[in-house]
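The next block holds one structure in the form of structure tokens; read it before the comments.
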Amino acid sequence: QVQLAESGGGLVQVGGSLRLSCAASGRTFSGYAMGWFRQAPWKEREFVAAIAWSGGGRYYADSVPGRFTISIDNAKNTVYLQMNSLKAEDTAVYYCAASSKGVAGTPREYDYWGQGTQVTVSS
């Protein structure tokens, strides 16, 4: 069974940092793209960042310039999202996703999703 398991979320103060992890299992993901999305209450799910399984083709949302970094460790089948200088508006459930169609910035292009991990940024 294909599984994407997010971890690393939690409560952090404004300006702090968190590193989210997404452990992928259940199939070979070579040729896939891995993405991070987030969804806050009453808002649509939005794209955060994406990376090809090979480690190339990194893309970021305009809302996280210079603050978030996506990376992948193929040996561990794990994708990461390093989040620095966190703001209150970063508060959301963060989801890991995998796309067989390559790097994409919309939820409908992704085939598999994790259950999400809550990130709460507070003062």
Side-chain angles (χ1 to χ4, degrees):
Q1 182 178 9
V2 174
Q3 292 186 357
L4 301 179
E6 302 98 335
S7 62
L11 177 64
V12 64
Q13 292 185 335
V14 171
S17 300
L18 283 175
R19 188 182 72 165
L20 305 183
S21 298
C22 173
S25 63
R27 68 161 297 140
T28 298
F29 289 92
S30 59
Y32 275 66
M34 305 299 295
W36 285 98
F37 291 78
R38 65 187 182 186
Q39 187 166 27
W42 304 103
K43 294 186 177 181
E44 295 182 348
R45 187 165 299 187
E46 66 172 344
F47 171 75
V48 176
I51 187 172
W53 189 260
S54 65
R58 304 185 187 198
Y59 301 92
Y60 298 92
D62 292 339
S63 60
V64 296
R67 299 191 300 118
F68 291 9
T69 302
I70 189 170
S71 62
I72 192 166
D73 186 338
N74 301 103
K76 296 181 179 180
N77 277 9
T78 301
V79 61
Y80 304 94
L81 183 68
Q82 178 67 46
M83 306 186 295
N84 299 324
S85 301
L86 285 164
K87 305 175 181 179
E89 51 263 44
D90 294 318
T91 295
V93 176
Y94 283 71
Y95 297 91
C96 177
S99 171
S100 62
K101 302 176 182 178
V103 176
T106 57
R108 64 179 179 272
E109 301 298 324
Y110 288 78
D111 305 288
Y112 306 105
W113 293 85
Q115 295 299 309
T117 184
Q118 177 71 49
V119 171
T120 302
V121 185
S122 175
S123 61

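Start at 1 with the first residue, then count along the sequence. Quick caveat: nothing in here was measured; it's all calculated off a predicted structure. Heavy-atom basis, side chains included; hydrogens, waters and symmetry copies ignored.
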| task | Write out all pairs satisfying disulfide bond (SG atoms under 2.5 Å apart) with one or both partners inside residues 31-72, taking only residues at least two apart or from two chains. | result | none
| note | residues 86-105 vs side chain to side chain donor-acceptor pair (under 3.5 Å), sequence neighbours excluded, gives Arg38-Asp90, Arg38-Tyr94, Arg67-Asp90, Ser100-Asp111
| Tell me the disulfide bond (SG atoms under 2.5 Å apart) pairs involving residues 34-84, sequence neighbours left out? | none
| message | Strictly by disulfide bond (SG atoms under 2.5 Å apart), give each pair with a member in residues 24-69 just once, sequence neighbours left out. | response | none
| Residue pairs involving residues 12-41 (criterion ring-ring contact (aromatic ring centres under 6.0 Å, His included); sequence neighbours excluded) | Phe29-Tyr32, Phe29-Trp53, Phe37-Phe47, Phe37-Tyr110, Phe37-Trp113
| Inter- and intrachain pairs under ring-ring contact (aromatic ring centres under 6.0 Å, His included), touching residues 56-79, at least two apart | none
| request: Hey, could you give me each pair passing side chain to side chain donor-acceptor pair (under 3.5 Å) that has a residue in residues 2-18? Not counting sequence neighbours. | output: Ser17-Asn84
| said: According to side chain to side chain donor-acceptor pair (under 3.5 Å), who are the partners of Gln115, at least two apart in sequence or on a separate chain? | reply: none
| said: Under the salt bridge (Lys or Arg N to Asp or Glu O under 4.0 Å) definition, can you give me all pairs with a residue in residues 68-85, not counting sequence neighbours? | reply: none
| remark: Sorted by chain and residue number, the side-chain contact (heavy atoms from CB on, under 4.5 Å) partners of Ser122 (sequence neighbours excluded) come out as Leu11
| Tell me the disulfide bond (SG atoms under 2.5 Å apart) pairs involving residues 31-81, sequence neighbours left out? | none
| field | Set of side-chain contact (heavy atoms from CB on, under 4.5 Å) partners for Ala40, sequence neighbours left out | value | Lys43, Ala92
